[in-house]
Amino acid sequence: MPRRFFSQQSWSIRSRVMLLLLAPLVPLVGMWLLSTTATLGPATNLLDVKSGVDLFGTPAYELVAELQAERALSMRVVTGGPGAATELDTQRAETDVALGEFRRLTESEDAEDEASELTRQHLAAVAKALEELPVGRAVVDTRQYDRVQIMRLYSGIIDKTFGLYGSVSGLDDHELNRQAGTVIALSEARELYARENSLVSATIAGGGMSPAERAEVVALVGLQRRAHDTATRYLHPDDAHRYDAILESAAYLRLRAVEDRLADLGRPAPAIDPQQWTADYGMVDGKLYDLESAAASRTIDATMPAATAILVRLALAGGVGLIVIVVLVLVSRRVARSIIHRINALRTQALHVAEHSLPDVVARLRAGADVDVDAEVRPPGAVEDELNELENAFAQVQRTAVASAVQEATLRNGLNQVFLNIGRRSQVLLHRQLALLDAMERRVTDPQDLEDLYRVDHLGARMRRHAEDLVILAGAKPGRGWRHPVPLHDVMRSAVSEVEEFTRITVVPTQELALRGRAVSDVIHLLAELLENATAYSPRDTHVTVAGQLLPNGYAIEIEDRGVGMPAEAVDEANRKLADPPDFDPAHSSRLGLFVVARLADRHGIRVTLRPSPYGGLTAVVLLPRDLVVDGSAPAAPAPAVPSTLATPLAALTAGAASTPVAVGALTAPPTADVLEGGPSTEAELPVRAPQTHLAAPLREEPLIVLDAAPVGSAPTAPPRAAERTRNLLSSLLSGAHRGRVAAGVRTGSTPPADTPTAAEPPEEPTS
């Protein structure tokens, strides 16, 4: 997936351009967000200091003050001081009030939102320490702890509270953080002073100080002096003067003198005046409290200007940075949209040329229309950048493609004209040849010569069909045509007459239907191509069957052979080409017959389909549209002439041949080698026979053609003989000779002749 993502194969041009232009902005925006957040954090922290102090600092400070007072009274109760128990009960009530207020504020929703993770940890520690308060009170009431243990019990709870102070006062401003630390240090130093006072006051009230208690007092003295020295190191100048005044006061000096005597462990514990000690401590502690409050107020008050200054800097720096980012985004977006718009326009133009313009030009060229290259392709524009060069290069490619298409169309038209000229010239010569042969057939009386003339006439008819192939290749129509419908049976027989091995074709009688004259010539040509290939690609000892049937959607002509057939892929490809005629490709000249059939079928809306035959060959189904087929009873044009020599053989084959359909072979051009010209003759010698012995029954009933006898005694005169009677006479003679040869070949097992002479077709009726 990562490799596929970074390969950008599926990304659009728009995505790539936007990524290219906006990618540098992403780190810039990230840096701006990081700096803004880093600057906004301290400002927010400073603004939250007051709310943190109100929610955590103030209630914790008040709770500490109440715990300190309860600690001092608890130590006096253990000593047994007069009236201490009553004062302790009152103090415990005040402590509980402060504890309830502390819990109410620290457990509120506002505190939950304002508390940091460190503050929550210290709150949990304070709550756990406060759980020991009821146990400590019970111990005090039962006198199970001494004064030092009670002091340590309460001091442990108070120490946890000082940890909460530090979490609340954490500031990102260095100077303010140092001032807040000074305030906390002053509070801790006062707490140590308060411990010292509690222990000293309790020992005075108890009548004496034990060595352990004296050692504890000495330790507390050292701790509180050290704490005050540390706490006052970074005092504000005004607060420093006040602290110096405290140190120089008489009350502090008297307290310090007592502490020094207690610290001299080599001497007995000095006598301490309880009233003087209490008065001096109260005065010094009050001044220390005032100093601590002033430092705290100064620190809290300084947070607002500091936060405001930070916000001002943030507004200036962040605002300028945001403006720069917005300007860069807008510029990048404008540049990206311009590039994307031009690329999309070039893409749209390319698709339009590929899908519409160029195919339209090719279609118009195929239709024979004139195409102006300059009008179809815009001229190159001015070159301003690489995209302009790309547009001009594409326009040049388009111009080259259109020019090539025009040149190809010109070449194709020229080639078609060559085909058309060759075909027309060949047709003219062949028509003249056929007319000359017809005239010769009328003059010749020798049967052998007449048979040879008929054979040449048949070859000429086939050559005329091949010449028509060139006309079809050129996209023109053949010259033959009829005005009126022609019987379908005559159309089929005419197609059979144009096939070399017509004796192998069986025409099944059809209904009395006729084909419209405008399609007669093309249908004859189409059927002749299919029949030619059916006979060429099937064994010589098999038959090809032609049958027709009227259907609701037209008239179907089936041509079946028993040849080798075609592979299924070749059949499918041939059907595709028959359904959609392709352009003629000289490289596939061996498939000329397929192209001619497809062109002729497309011209009249005829559907030609190939399918496998159950006999191993193929079946060609020619479906004539219903509008081409008319009733045979309507006035019909003269049928396309079938050579008289074919009449009897076709009738005999129709009557005696098997009716098993056989399919058409591969649609290729008919073989160029002619049996009559290149191969050995297979004709048998004419047998000696009696007249009319081998004639078919219908022919025996034909009236004999005899010469008119002259009256006895009159002078001999030449009897008049019509040309039609002479033609009938010669046809009858030649038909009888052919039947004799066929019968002799069947009896002896020899092969029938490869070709049978045909009569020349009469000139067609000109089309309207």
Side-chain angles (χ1 to χ4, degrees), residues 1-26 28-29 325-417 474-475 573 576-577 579-588 595 598-599 602:
M1 180 63 71
R3 180 179 298 177
R4 183 179 179 183
F5 176 80
F6 286 109
S7 64
Q8 302 180 359
Q9 294 180 357
S10 60
W11 289 24
S12 63
I13 295 295
R14 180 183 183 87
S15 300
R16 298 183 184 184
V17 173
M18 293 299 293
L19 176 64
L20 182 63
L21 294 177
L22 297 180
L25 294 177
V26 174
L28 181 60
V29 173
I325 291 175
V326 170
V327 171
L328 290 177
V329 169
L330 293 177
V331 172
S332 300
R333 183 171 178 270
R334 183 178 181 85
V335 174
R337 289 184 62 183
S338 175
I339 295 176
I340 293 171
H341 176 73
R342 296 179 63 184
I343 293 177
N344 286 336
L346 184 59
R347 173 178 175 271
T348 302
Q349 180 184 358
L351 292 177
H352 179 74
V353 170
E355 297 176 359
H356 301 285
S357 299
L358 197 57
D360 180 66
V361 169
V362 173
R364 283 187 289 156
L365 288 174
R366 290 179 178 176
D370 294 332
V371 174
D372 186 3
V373 178
D374 295 331
E376 295 295 332
V377 183
R378 66 173 182 82
V383 177
E384 298 178 357
D385 53 13
E386 291 80 358
L387 288 178
N388 290 127
E389 293 181 355
L390 182 60
E391 292 177 0
N392 293 338
F394 179 75
Q396 186 64 32
V397 170
Q398 182 183 359
R399 175 180 294 273
T400 303
V402 173
S404 299
V406 171
Q407 184 179 2
E408 182 181 355
T410 304
L411 180 61
R412 187 186 299 110
N413 291 334
L415 184 61
N416 289 340
Q417 290 299 321
E573 181 183 0
R576 285 194 298 269
K577 293 182 178 180
D580 185 14
D583 293 333
F584 175 67
D585 186 1
H588 298 85
F595 174 79
R599 275 287 183 90
D602 182 67

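Residue numbers start at 1 and run along the sequence shown.
The side chain to side chain donor-acceptor pair (under 3.5 Å) check on His352 picks up Ser357, with sequence neighbours excluded. Residues that satisfy the side chain to side chain contact (heavy atoms under 4.5 Å, CB included) test with Val397, not counting sequence neighbours, are absent from this structure. Judged as a side chain to side chain donor-acceptor pair (under 3.5 Å), and not counting sequence neighbours, Gln396 has no contacts. Shown here are the side chain to side chain donor-acceptor pair (under 3.5 Å) partners of Asp602, two or more places apart in sequence or in another chain: there are none. Remark: Arg576 pairs with Asp572, Glu573 by the side chain to side chain contact (heavy atoms under 4.5 Å, CB included) rule, at least two apart or across chains.
In this structure, CG on Leu351 lies 6.5 Å from OG1 on Thr348, to the nearest 0.5 angstrom.
In this structure, Pro581 and Ala598 approach most closely via the heavy-atom pair CG-O, 3.5 Å.
Put simply, the side chain of Ser404 gets close to the backbone of Thr400: a donor and an acceptor are under 3.5 Å apart. The backbone N or O of Ile340 lies less than 3.5 Å from a partner atom in the side chain of Asn344, making a donor-acceptor pair.
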